[in-house]
Amino acid sequence: MQQQSHGWEVITGWLADKELKPFRFQEDAWKAYQQGHSGIVNAPTGFGKTFSLFLGALIAWIDAHPKDYQRKQKNGLQLLWVTPLRALAKDLGRAMEEVILELGISWQVGIRSGDTPLAARAAQKKQMPEVLIITPESLHLLLAQKEYPQVFKHLQAVVVDEWHELIGSKRGVMVELALSRLRGLLTQEGRPPLKTWGISATIGNLDEALEVLLGPYHSNGIIIRTNLKKNIQLQSVIPHEMENYPWAGHLGTKMLPQALPIIEDSQTTLIFTNTRSQSEIWYQSLLREEPMLAGALALHHGSIDMELRIWVEEALHNGILKAVVCTASLDLGVDFRPVNSVIQVGSPKGVARLLQRAGRSGHQPGAVSKIFFLPTHALELVEAAALKTAMEEEVIESRMPVLLAYDVLLQYLMTLAVSDGFHAPQIFEEVRQTYCYQHLTEEEWKWILSFLTTGGDALAVYDEFKKLERQGDYYYCKSRMLAMRHRLHIGTIVSDAMLKVKFMSGGYIGVIEEGFISRLQPGDSFTLAGRNLEFVLIKDMTVLVRKSNAKRTIVPSYQGGRIPLSANLGRMLRRKFNEALSRKTKDPELLALQPLFRLQEELSHIPKDDELLIEKIDTKDGYHLFVYPFEGRLVHQVMAALLAYRLSRIQPITFSIAMNDYGFELLSDQPVPLTTENAKTLFSADNLLTELQTSVNATETARRKFRDIAVIAGLIFQGYPGKHKANRHLQSSSSLLFNVFSDYDPQNLLLKQAFNEAFFYEMEEVRLRETLERIARSSIVITHPQKLTPFCFPIKVDSLRDTMTSEKLEDRIRKLIAVNS
DNA sequence: GACCTGCTGCGGTGTG
């Protein structure tokens, strides 16, 4: 047995006094920290991952200062605690302060983020606390300060909280870059290596998450997991009248009466919905159905004013609310102890998201997390059965790290340039130590430096794009105006322009999209934050409203992201259909769906997981072709376009396209030339990339992606805070840049990135290829139902339509030939 | 005949 250290004794003694018995994995984490390792701690929520690492830091501190660890003195910044949410910082800070106070350790905790008061930030400038809780953005703001290395002179460790949340995004890249600089600083100054720890929920690629955190060349990284399992129960709420349950739809308000008993039986319930408008509708409908809930029911989503949201969070904490209807805005965060049940309305689209939400209830070790699943249409019950099995088998999604994000790199270099300037060879080395930029070539690096100094081939004539000056290997930003503008723009979250909504009498309610309000006339009523509001006028980019007594109001919809069904869930879903008609199935969801399955089998077929079902149906609308890969709407959208293109090469034919997460439809006014003989060829993965480029309008998708890239890279100034430029301006200037680069600087890396992102994120190219390969191994079943089937109905209902005509295609092909010859 | 779509997250005009 290894001799325990002094710090170890102090901490275990303190815990024993409080009658707290640490988990084995917590002790493992302390030990690993103390021994100078870096790594990731992985355990279910509510098991004290955070606590264990913080205690590890304290043990290390006591060990280093055994005699005077309690002496009041200023020690400088020792520990950086990175969190993705400002809201987490406050709670965490409070908890840490408590421990420090009780142990009498000479440490102070500070918070650094946009919502810390100016005075606190000014004080930090003079004297940093020993522990600083910070967001990735604020960390980069620290790097943008003059003489920033001073700040980190005593830094020993960085802990990244909720690393699974950051890893798949450009915010994660910001963390990678900041870590590379901090490691570089410590090495330059000959100090012991930086300890880096991540705290993560379970994801499919935890090993990769470790590599991203520590860089691909790390050697001392370890993953500390617990074998303790969280007990999670998923219970589907089966519609009382299955026969009348809709085949399509997404709101699920039909199930509302069956949600009420759950709410009544629990102390506090969180009701998760998929969209903001859906949460508004549920809130209103619940109050209508059960007026007794007035005052005990609240609403929480991303477009509701921060102050109102904070009020709801506090009220939840204090246990005065019976239920809260919310979106993903309450996925993470504050430890809502009083929550004892969770209702998920509609598909969560992925296993990880379901686990995350279930974990909001029973948030202590040993407690059971219970989540009720409320289907919004019949087939969603199959998803519920699939989710249950996926949870049992722990099939959890991976979060793919972002690679070669040139925009974030440009921003980072500008950050370093406006502080002390940077030594290019040194920074190049550091940057290449990160996972994101490990394959950055010297050529690309040169392009990036020259882009920052000259504006590149296309923008060389405009002075405002000559941002940096070069002296030997050093690069600086001398312009104070550019430096100030840059500090205002640090970060990778690019939001759409939203208008604030405010009562005439004062008081903010939330935000709303420009496009929505432009369709309203003064006097019209709409709903926001659960209130009925009458639109009065727009003044200074603010929508002024008064209370409305109107019976009918419009619920605004927002142009949000569209999360596709995850690959894991899709796979599980296909598997579930194997059991659909089997007498052996025990899943209550599948049993309830028997009548629907029988109808589907009678009219058409239920595909097994090694089959691809295609339905050909003729109606007065035309000739329909329905295909069911169950791979999420993004893959379906591209597959539909690809198939339409390939069919149109057999004979000129025009299609309209519709899709959902289960499948897609091609509709034409002439018979579709797809047969048992040519089906496999039509779904082949051969020539995928070339045919994708002709069938899908990749340029348009890339153009949309380019907008965010241009903002992050600092090419578009979004205006000063408070005086937001209208979205139109943003859109047009980014579109202009896109054109200019396409015409005069086709080698532009940002342009290349836009296309990469379009293929990777908007078309899920990798998943598409895998799907086509799977289809090649499957048998294709073509049926000819006499009328619409339960499977195709939801797609038919989907209003989103793309049209593509072979005429247009011919034009494109002609152009292509002209360019080539 | 069956249908009201589309999440979250951060930063903040300044050094004598």
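By convention in this document, chain letters (A, B, ...) are assigned in the order of the sequence lines, proteins followed by strands, and residues within each chain are numbered from 1.
- In terms of phosphate contacts, R480(A) brings a side-chain nitrogen or oxygen within less than 4.0 Å of OP1 or OP2 of dT15(B).
- The side chain of I493(A) lies closest to dC10(B), out of dC10(B), dA2(B), dT8(B).
- Ring orientation note: the planes of Y628(A) and F791(A) are nearly perpendicular, at an angle over 60° on the 30°/60° scale.
- Listed candidates were dC10(B), dT8(B), dT13(B). Nearest to the side chain of E137(A) is dC10(B).
- Which of dG9(B), dC10(B), dA2(B) sits closest to the side chain of P246(A) comes down to dA2(B).
- Side-chain contact annotation: T83(A) with E162(A), donor-acceptor N/O pair under 3.5 Å absent.
- Remark: R276(A) is in phosphate contact with dT8(B), judged by side-chain N or O atoms under 4.0 Å from OP1 or OP2.
- Summarising the geometry, the separation between NZ on K349(A) and C1' on dG6(B) is reported as 8 Å, rounded to the nearest angstrom.
- The side chain of T275(A) lies closest to dG6(B) when the candidates are dT13(B), dC3(B), dG6(B).
- Counting to the nearest Å, the P atom of dG14(B) and the CG atom of L118(A) are 10 Å from each other.
- The side chain of S557(A) places an N or O atom within less than 4.0 Å of a non-bridging phosphate oxygen (OP1 or OP2) of dG6(B).
- At the heavy-atom level, R121(A) lies under 4.0 Å from the strands shown only through sugar-phosphate atoms.
- Listed candidates were dC10(B), dG12(B), dT8(B). Nearest to the side chain of S495(A) is dC10(B).
- Spacing between atom CD of E165(A) and atom P of dG9(B) amounts to 10 Å, rounded to whole angstrom units.
- Side-chain atoms of N274(A) come within 3.5 Å of backbone atoms of S347(A) as a donor-acceptor pair (strictly under, hydrogens ignored).
- Here the options are D331(A), V324(A), I371(A), the test is side-chain contact (heavy atoms from CB on, under 4.5 Å), and the partner is L270(A); only V324(A) passes.
- OP1 and OP2 of dT5(B) both lie 4.0 Å or more from every side-chain N or O belonging to R633(A).
- Between R485(A) and dG14(B), a side-chain N or O to OP1/OP2 separation shorter than 4.0 Å is absent.
- Checking dC4(B), dT8(B), dT13(B) against the side-chain heavy atoms of L488(A) singles out dT13(B) as nearest.
- Listed nucleotides: dA2(B), dG12(B), dC7(B). Nearest to the side chain of A328(A): dC7(B).
- With distances taken from any side-chain atom of R562(A) to the nucleotides dC10(B), dC7(B), dG6(B), the minimum falls on dG6(B).
- Between S113(A) and dC10(B) there is no side-chain N or O to OP1 or OP2 distance below 4.0 Å.
- Looking at T376(A), T327(A), I343(A) one by one, the single match for side-chain contact (heavy atoms from CB on, under 4.5 Å) with T273(A) turns out to be T327(A).
- The base of dG11(B) has none of its N or O atoms less than 3.5 Å from a complementary donor or acceptor on the side chain of R86(A).
- Residue T492(A) places no side-chain atom within donor-acceptor reach of the base of dC10(B), judged by atom type and a 3.5 Å distance cut-off alone.
- OP1 or OP2 of dG11(B) has at least one side-chain nitrogen or oxygen of S138(A) nearer than 4.0 Å.
- Checking side-chain atoms of K254(A) against main-chain N and O of P239(A) turns up no donor-acceptor pair under 3.5 Å.
- When distances are taken from the side chain of R171(A) to each of dG14(B), dT5(B), dG9(B), the shortest belongs to dG9(B).
- In terms of phosphate contacts, S277(A) brings a side-chain nitrogen or oxygen within less than 4.0 Å of OP1 or OP2 of dG6(B).
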